[in-house]
Structures are given as structure tokens and as C-alpha cells.
Participant: 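Sharing a structure below in C-alpha cells format, with a few things to ask.
These figures come from a predicted structure and were not determined experimentally. When reading the values below, keep in mind they use all heavy atoms of this one structure, side chains included, and skip hydrogens, waters and symmetry mates. Just so we're on the same page: letters track the sequence lines, and every chain starts at 1.
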2 protein chains.
Amino acid sequence: MTDFARTKSLFHLPEGVIYLDGNSLGPLPKAAPGRIQSVMQDEWGEMLITGWNKAGWMAQPTRVGDRIARLIGAEPGHVVIGDTLSIKVYQALASALEMRPDRKVILSDSGNFPSDLYMAEGLIRSLGRGHELRVVAPEEVEANITEEVAVTLITEVDYRTGRLHDMKALTAKAHAVGAITVWDLAHTAGATPVDVSGANADFAVGCTYKYLNGGPGAPAFIYVAPRHADAARPALSGWLGHDAPFAFEQSYRPGAGIERMRVGTPPVLAMAALESALDIWDMTTMDDIRARSLELTQLFIDEVEKRCPDLDLATPRAPDARGSQVSFRFAEGYAAMQALIARGVIGDFRAPDIMRFGFTPLYIDEGDVIAAAEILESIMQNRLWDTPEYKARARVT
Amino acid sequence: MTDFARTKSLFHLPEGVIYLDGNSLGPLPKAAPGRIQSVMQDEWGEMLITGWNKAGWMAQPTRVGDRIARLIGAEPGHVVIGDTLSIKVYQALASALEMRPDRKVILSDSGNFPSDLYMAEGLIRSLGRGHELRVVAPEEVEANITEEVAVTLITEVDYRTGRLHDMKALTAKAHAVGAITVWDLAHTAGATPVDVSGANADFAVGCTYKYLNGGPGAPAFIYVAPRHADAARPALSGWLGHDAPFAFEQSYRPGAGIERMRVGTPPVLAMAALESALDIWDMTTMDDIRARSLELTQLFIDEVEKRCPDLDLATPRAPDARGSQVSFRFAEGYAAMQALIARGVIGDFRAPDIMRFGFTPLYIDEGDVIAAAEILESIMQNRLWDTPEYKARARVT
């Protein structure tokens with residue numbers, strides 16, 4: 001069993017803060033500053049350009065990709081790091097659409113993160129071949145996977161409610177009608193056990209700054225199923241995805257397998273911080289994380305429902321239907337979240353009325369859950385949210 | 001006049017190394033590790049998610065963009081940081097092509113960095129509308145700017161020879177025939193005075209890890225001329241380029257001006273290192289840099305031609321026709337560069353026969369130039385390159 005007291009001790013958590021927003025940005029691994037120092041001084045500083053080979057920077061995107069592969073049930077050698085999640089969505093979707101040239105529908109749902117939908121819109125506009133982005137309610141996805149669908153573009157966990165899709169069932173349905181699947185794991189990598197291989201997913205993408213704790217702006221990852229890896233044509237055909245980048249040929253030839261999903265120069269410093277975070281991930285398993293996560297989310301639901309009758313649970317009650325977050329609806333949720341943050345409980349707000357709390361077993365325990373529920377109770381009972389300051393809408397991140 | 005002894009003192013340069021590869025990867029600014037520490041500990045560590053607003057991370061891409069704008073002659077508010085250069089090329093080219101829907105030719109040259117050509121190929125394939133990537137010799141670009149051309153995609157300085165295109169003249173020619181220009185400043189930002197505004201350039205892109213010293217994998221930048229900024233349609237339409245990212249609307253609406261060229265979450269840690277480098281850039285002007293650069297490159301050409309008759313100058317002799325690098329052709333250039341590197345002079349090699357040396361006045365002076373020429377002379381006179389070890393080809397970066 002994972003020693004969660006130990007993993008908690010490996011993060012810097014500010015005094016007086018209960019951090020329930022690790023689903024937006026994970027906290028600082030204590031080892032990360034030292035590791036970046038070492039990469040900057042011993043590698044960049046001393047090796048200069050030779051660091052690309054001597055320090056292994058060039059191989060870092062697949063090496064780090066393998067560390068993430070374990071957490072999402074991917075085969076080693078089929079995950080690569082780089083770019084942002086939006087770019088990785090574009091790459092996966094473009095490659096997937098090309099596999100179904102006779103179909104025009106991209107199926108997504110209204111619980112998908114908007115950037116995924118925006119990237120799909122941009123791709124559709126570029127292609128100019130009459131594709132349609134069909135966005136249905138999350139619970140209507142399955143019924144809408146029909147033979148019209150070229151690609152399903154689904155985020156496994158709804159960023160608002162925490163509702164968890166059944167990746168295996170939806171992938172099977174998609175394959176049964178000849179569609180390709182692109183899964184966005186933004187809220188599942190490091191949050192719930194993902195098994196892209198067992199679920200037979202075609203493409204998967206995700207970010208590393210949420211549950212994985214890679215730091216602000218940490219790079220994204222992409223998975224391509226082994227059966228597609230040498231067939232997928234990259235739309236973003238950059239030199240580091242070329243079969244021989246340093247031959248400087250004039251024409252693009254895609255590299256072997258997942259290498260072709262690389263684009264430009266890898267983000268060496270950012271990957272160093274991510275590696276510190278992954279060292280902590282090496283101390284646990286996703287099954288342990290899931291068991292703890294369900295204890296914590298259930299405890300929070302129970303405590304808040306007991307204490308705060310004005311809050312409506314937006315997250316599915318059934319444990320196997322939710323990710324690792326709990327959301328409550330409250331018309332004055334924005335102000336209530338401001339009041340909470342002012343009292344050291346950091347969650348976040350998503351329009352129009354969602355108060356969102358992420359539970360991250362690596363550094364959140366029962367004591368944090370109870371304390372957060374108590375503070376929320378005092379805010380709700382005493383209407384502490386009802387101040388002009390908290391109700392003034394600022395830009396929320 | 002810039003105090004170049006002072007700027008040199010602000011970089012970490014390893015003992016016994018003469019670093020003439022700052023055109024591939026600039027050295028470590030001594031202040032960068034401390035700055036990243038502060039961003040990690042005081043911002044990420046203490047502010048957690050609130051750093052996006054409190055620490056100004058969200059505004060960082062345009063704020064840092066403005067610091068680069070000064071170096072490339074851009075109007076403030078028209079440069080933004082993010083992604084890799086290959087991605088920025090794609091964005092610029094896609095937007096530019098859309099402005100000339102009736103034309104099919106993208107004109108580039110064989111001295112353009114291959115990744116630019118590859119990204120163009122990928123875009124052409126995605127568009128599927130019969131575009132042609134026409135690649136001519138660098139000296140034939142001007143004659144090939146015809147009314148067929150939709151977009152010119154030119155790197156201002158040839159990465160192999162250091163040959164400098166005349167941005168102003170080529171842009172004027174392009175505009176005279178109704179073409180749009182995309183300029184890649186990879187080898188000119190921080191190397192030569194660039195004046196994207198005065199040259200009337202339409203789009204410009206560049207990287208920050210070469211002359212600008214932002215670190216391995218530092219993010220890229222993009223400039224869009226003010227006259228196009230609110231008209232350019234982004235192909236990579238990510239949420240941070242949306243007009244209201246935190247409204248989480250279901251459909252994409254491009255943000256105002258250069259903001260629409262943002263895609264995903266900004267690389268906060270990498271930008272912190274870049275900012276340390278830009279602090280040093282604040283101590284100089286591009287005119288001072290250019291004057292020093294021409295002294296250094298001329299001195300190197302003179303010294304090497306005097307000492308090494310077997311090396312053929314590949315860089316234009318006319319000062320105003322070259323950037324800030326000097327290249328020599330030598331059939332055994334790969335081995336000769338290995339021999340040089342083993343003796344502490346770091347340049348690089350580009351296939352098939354180019355020995356390349358970058359001159360970077362912020363930290364390279366006459367003493368370095370003479371010493372490098374002496375070591376090169378001893379290698380050439382004594383055929384020190386002629387060993388099996390040096391001749392064994394490895395992957396060169």
C-alpha cells in the first residue's frame with residue numbers, strides 16, 4: 001500500500017492552505033527546484049549545446065513519456081511529451097480524421113473542455129471539407145456514436161461535474177460502427193486508473209500540470225495505439241518528428257512510431273520539473289490512488305451534504321461514475337469560492353454555478369477534507385459569501 | 001555604447017571553452033537559476049493556482065513578447081510568446097494562406113530550415129487544396145516572387161551559410177505582386193537589427209534559445225503586423241487565443257489582435273529563464289550588437305583565411321550580406337568540428353560539409369576569436385581531424 005503520509009511530505013504545501021485545486025495546477029514537489037538547478041547549472045551551463053546528446057535531452061520526450069505510459073495503461077514506447085494539450089488534441093484529431101476520409105462527423109460532448117472543441121473547430125475550418133463538430137450532452141454520447149461518426153473526441157472526465165465516461169464501452173461502441181477514438185485524459189491521468197491499451201483506445205492526449213504535478217505550463221503528452229503508430233500521418237510535421245532530423249533533408253518523412261508526433265525542440269527545463277513529480281508517482285499505483293480518492297471524495301460529499309443544505313451535488317453519486325473531483329452547484333458559487341479561498345481553502349469555480357474541488361491522494365488526507373468541509377459550512381451558514389468584494393467578478397483561472 | 005565586458009560577465013561560460021555555438025543554443029545567464037527558483041518557490045509553491053493572476057503568469061506571453069518586440073523592430077503589443085518555432089510557422093503560414101485563397105504557391109528557399117519546409121508540407125497536405133511548396137535557391141528568391149505566389153516563407157539568415165536576405169526589398173517585391181510574407185527570424189532575432197515594422201513584414205516568427213539565450217527548449221514568438229492582427233484567422237484556435245477564455249464558451253471567437261495567436265497554457269518556468277536572458281538584452285541595442293558582430297565575424301574570416309587555406313568561406317564576404325555567423329566548407333568538416341570541440345572550441349556542423357561558427361557579442365570577444373582561429377589552424381595544419389574517432393559519424397545537434 002502506498003505510504004501517502006510520505007508522498008504528502010514530498011510536496012511543498014503553503015502554511016494555512018488546504019489545496020483542493022490540484023485538478024487545475026498541482027503543487028510544487030520539494031525536489032523540483034533542486035532538479036531544475038542541476039539541469040540549468042550542470043547541463044545547460046556546463047554542457048551547452050552538447051547537452052542534447054550528453055545529458056539525454058533529445059531522448060527525454062519518449063523517456064518521460066514511458067513514465068506516464070505506466071499511469072495510463074499504455075504500452076512502453078507509445079507516449080511522447082511535448083507542446084500543449086491543445087496542440088496534442090489537434091495532432092490526434094487530424095491524424096484520426098485522415099483515417100476516415102469518407103466520414104464527416106466529429107462527435108464530442110458539452111462536458112468536453114472548450115479548448116478541445118475550439119481546436120476541432122479550427123481544424124475543420126482549415127480542412128474545408130465540410131466536417132461537422134457535433135456536441136451532445138455527456139449522457140447522450142453513446143447513443144450518438146453512429147456510422148456517421150468519423151472520430152469521437154471525448155474528455156474522459158467532465159471538467160465541470162467530474163462525471164466519468166466509460167472509456168472501454170464507448171471505445172467498443174465506436175469501433176463497432178467504424179469510428180476512431182481520441183481520448184482527452186486531462187482529468188484522468190493521475191486521477192483514476194486509465195487503461196488505454198485495455199480499452200483499445202486509438203489516440204489519447206493529456207496534460208501534466210494537473211494531477212501529475214508537473215508545474216505551470218508543463219508540457220502535454222500524446223499516445224497513439226501501436227496498431228496506428230506507423231500509419232498515423234502527422235499534420236504538424238516538425239523536424240523532430242522526421243525520421244532523420246539531423247540529416248536536414250528537404251522533405252518530410254515521418255519518424256518511426258510515436259516519434260512522428262514530436263514537432264519542435266523539446267522543453268528541457270519544464271520536463272526536468274515534471275520528472276521530479278514523476279519520481280513521486282513512482283511510489284504509488286493508480287489502484288492505490290483510486291481507492292484513496294474514492295474515500296476522500298465520498299467523505300467530502302457526506303460532510304458537505306450534512307453541513308451545507310444549499311449546495312447541490314453536481315458530481316455523480318455512484319463512485320464508479322466520477323473522477324477525482326467533487327462539484328457543487330450554487331447560484332452564488334463564484335462569491336462562495338472567493339470566500340473559501342480567502343479562508344485558505346483553495347478550490348475553483350467554473351461558470352455558471354459550479355464550485356469545484358479536486359482530491360489528490362498524494363498530498364490530501366482526511367484531515368484536510370474535514371477541515372475544508374467545516375470552513376465551507378461556516379461560510380454557508382453565515383452567508384460570508386455575501387459581500388460586494390466576493391461578488392465582484394474577476395477573471396477566474 | 002554597450003559595455004560588452006559587463007554583459008559577458010553575466011553569462012556562465014565553462015572553463016576552457018570558447019563557445020561559438022550560441023546560434024544553436026545560447027549559454028546560461030547567471031541570474032537564470034535564481035529567477036527560476038523564485039518562480040518555483042515564491043510563485044508556484046506559495047501561490048499555487050492563484051499565480052496565474054497574482055504572479056502575472058497569464059499576461060506573461062504578451063509582456064515578454066513586448067521585450068522581444070524591441071529587438072525585432074515590432075510595435076508593442078504585436079508579439080506573443082509560446083509553443084515551438086515549428087508551431088508558430090504553422091500558425092503564421094496558415095493565416096497567411098487564408099488571406100490569398102486564390103493563389104496556390106508557397107515560395108521558400110533551400111536555405112530555409114527544414115522544419116519550416118516540413119511544416120509547410122504538412123499544412124499543404126491537411127488543406128488538400130493543391131498548394132505547391134516551391135523551393136528555390138536563396139539567390140533566386142527575388143526573381144521567383146511572382147503573381148502566382150500566395151506566401152513567401154523565408155528565413156532571413158540561411159542556417160548553413162549565414163547569407164542574409166534583404167527583408168525590406170523582398171517584402172516590397174512580394175507586396176508589389178500581392179503576396180504575403182512570413183519571415184523566420186531564428187537566426188536574426190538577437191543577431192542582426194531586424195525591423196519588421198519598417199520592412200512592412202506581414203508575419204514573423206522566431207525562437208528564443210539561440211541568440212536570445214532563453215535556454216534549451218525555450219518558447220518561440222510570433223509577430224503579426226497591426227494591419228492584419230484583427231483579421232488573421234488562427235488555424236490553431238486554442239482556448240487562450242479565445243476572446244474570453246474563462247467564459248468557457250462552446251464556440252471559438254478569436255481574441256483581440258495578437259492574443260489570438262496564443263494556443264494553450266503558457267510555459268511559465270521556461271519563460272522565467274527567458275526573462276533573465278532578456279534582462280541582459282535590455283543593456284544593449286541591436287545597432288551596437290551589429291557593429292560588434294561585424295567586427296568579430298570579419299576578424300574570424302581574416303584570421304581563418306590567413307591560417308587555414310583548406311577551408312572555403314561559405315558565408316558572404318560582404319558584411320551587409322551576412323548574419324552573425326561564419327561558415328566554412330570542408331569535406332572533412334564533421335571530423336574537424338569534432339577535433340575542435342575536443343579542444344574546447346564549440347561550433348557545429350551542418351551536412352554535407354559546413355563548419356559553422358556563431359558570433360555573439362554579448363559574451364564573445366576578440367580574444368575568443370583569435371584563440372579559436374589558432375586552435376583551428378593547429379587542427380588543420382596537423383590534420384588532427386584525421387582520426388577514426390572523429391570521423392565516426394554520430395548524431396549531431
Participant: Quick one: which of Glu15(A), Glu249(A), Met40(A) has the most heavy-atom pairs under 4.5 Å with chain B, could you say?
Facilitator: Met40(A)
Participant: Counting only non-hydrogen atoms closer than 4.5 Å, does Ala32(A) touch chain B with its backbone (N, CA, C, O), its side chain (CB onward), both, or neither?
Facilitator: both
Participant: Heavy-atom distances under 4.5 Å only: say whether Leu127(A) touches chain B with side chain, backbone, both or neither.
Facilitator: both
Participant: Given that the side chain runs from C-beta out, which part of Leu123(B) has a heavy atom under 4.5 Å from chain A: side chain, backbone, both or neither?
Facilitator: backbone
Participant: Does any backbone or side-chain atom of Glu98(B) lie under 4.5 Å from a heavy atom of chain A? Answer side chain, backbone, both or neither.
Facilitator: side chain
Participant: What orientation do Tyr118(B) and His242(A) show, parallel under 30°, tilted 30 to 60°, or perpendicular over 60°?
Facilitator: parallel
Participant: Does any backbone or side-chain atom of Phe11(A) lie under 4.5 Å from a heavy atom of chain B? Answer side chain, backbone, both or neither.
Facilitator: neither
Participant: Please state whether the side chain, the backbone, both or neither of Leu236(B) comes within less than 4.5 Å of a heavy atom of chain A.
Facilitator: both
Participant: Highest number of heavy-atom pairs under 4.5 Å with chain A: which of Gly26(B), Pro33(B), Pro267(B)?
Facilitator: Pro33(B)
Participant: For the atom pair CZ (Arg125(A)) and OH (Tyr252(B)), what is the distance rounded to the nearest 0.5 Å?
Facilitator: 9.0 Å
Participant: Do you know which of Leu25(A), Leu13(A), Leu240(A), Val39(A) has the most heavy-atom pairs with chain B at a distance under 4.5 angstrom?
Facilitator: Leu25(A)
Participant: Distance-only, no hydrogens or angles: does the Gln325(B) side chain make a donor-acceptor pair with backbone N or O of Arg356(B) under 3.5 Å?
Facilitator: no
Participant: Working to the nearest 0.5 angstrom, can you tell me the gap between Lys54(A) NZ and Ile49(A) CD1?
Facilitator: 11.5 Å
Participant: Looking at Leu97(A), Asp83(A), Thr84(A), which has the largest count of heavy-atom pairs under 4.5 Å with chain B?
Facilitator: Thr84(A)
Participant: Among Pro114(B), Gly217(B), Pro216(B), which has the most heavy-atom pairs under 4.5 Å with chain A?
Facilitator: Pro216(B)
Participant: Where on Arg233(B) is there a heavy atom nearer than 4.5 Å to chain A: the side chain, the backbone, both, or neither?
Facilitator: both
Participant: What is the ring orientation for Trp239(A) with Phe248(A), classed by angle as parallel under 30°, tilted 30 to 60°, or perpendicular over 60°?
Facilitator: parallel
Participant: Could you go through Tyr90(B) and Ser126(B), starting from their C-alpha distance and side-chain angles, then the distance that decides it, and tell me whether this counts as side-chain contact (heavy atoms from CB on, under 4.5 Å)?
Facilitator: CA-CA 11 Å; Tyr90(B) 192 89; Ser126(B) 284; 4.1 Å; yes
Participant: Let's test your reading of the structure: which of Ser237(B), Ser86(B), Pro27(B), Gly264(B) forms the most heavy-atom pairs below 4.5 Å with chain A?
Facilitator: Ser237(B)
Participant: Please check if the side chain of Arg260(B) supplies one atom and the backbone of Pro234(B) the other of a donor-acceptor pair under 3.5 Å.
Facilitator: no
Participant: Taking side chain as everything from C-beta outward and backbone as N, CA, C, O, which of these in Leu117(B) sits under 4.5 Å from a heavy atom of chain A? Side chain, backbone, both or neither.
Facilitator: side chain
Participant: Pick whichever of Ala94(B), Ser110(B), Ala244(B), Gly128(B) has the most heavy-atom pairs under 4.5 Å with chain A.
Facilitator: Ser110(B)
Participant: Can you tell which part of Val17(B) gets under 4.5 Å to a heavy atom of chain A, answering side chain, backbone, both or neither?
Facilitator: side chain
Participant: Sort Pro219(A) into side chain, backbone, both or neither according to what part of it lies under 4.5 angstrom from a heavy atom of chain B.
Facilitator: neither
Participant: Between Leu48(B) and chain A, which part of the residue has a heavy atom less than 4.5 Å away: side chain, backbone, both or neither?
Facilitator: both
Participant: Against chain A, work out which of Asn112(B), Ile346(B), Ile36(B), Leu269(B) has the most heavy-atom pairs shorter than 4.5 Å and name it.
Facilitator: Ile36(B)
Participant: Heavy-atom distances under 4.5 Å only: say whether Ala235(B) touches chain A with side chain, backbone, both or neither.
Facilitator: both
Participant: If you apply the rule side-chain contact (heavy atoms from CB on, under 4.5 Å), what do you find for Ser108(A) with Gln250(B), and how did you get there?
Facilitator: CA-CA 11 Å; Ser108(A) 192; Gln250(B) 297 257 319; over 6 Å; no
Participant: With a 4.5 Å cut-off on heavy-atom pairs, point out which of Ala273(A), Cys207(A), Gly45(A) contacts chain B the most.
Facilitator: Gly45(A)
Participant: Applying side chain to side chain donor-acceptor pair (under 3.5 Å), can you list everything that pairs with Arg134(A), at least two apart in sequence or on another chain?
Facilitator: Glu132(A), Glu148(A)
Participant: Would you mind checking which part of Pro266(B) comes under 4.5 Å of any heavy atom in chain A, side chain (CB onward), backbone (N, CA, C, O), both or neither?
Facilitator: backbone
Participant: Who wins among Arg160(A), His12(A), Lys30(A), Gln37(A) for the most heavy-atom pairs under 4.5 Å with chain B?
Facilitator: Gln37(A)
Participant: Tell me, out of Ala220(A), Pro29(A), Gly122(A), Gly22(A), who's got the most heavy-atom pairs with chain B below 4.5 Å.
Facilitator: Gly122(A)
Participant: So, taking the atom named CD1 in Ile18(A) and the one named CD1 in Ile341(A), what distance separates them when rounded to the nearest 0.5 Å?
Facilitator: 13.0 Å
Participant: Just jot down the salt bridge (charged side-chain N to carboxylate O under 4.0 Å, His left out) partners of Asp353(A), sequence neighbours excluded, or say none.
Facilitator: Arg329(A)
Participant: Test side-chain contact (heavy atoms from CB on, under 4.5 Å) on Asp116(B) and Met119(B) and set out the steps.
Facilitator: CA-CA 5 Å; Asp116(B) 293 22; Met119(B) 293 305 287; 6.0 Å; no
Participant: What's the spacing between Ile364(B) CD1 and Tyr19(B) OH if we round to 0.5 Å?
Facilitator: 9.5 Å
Participant: Could you please spell out the steps behind the side-chain contact (heavy atoms from CB on, under 4.5 Å) verdict for Leu153(B) and Asp184(B)?
Facilitator: CA-CA 7 Å; Leu153(B) 174 62; Asp184(B) 181 339; 5.7 Å; no
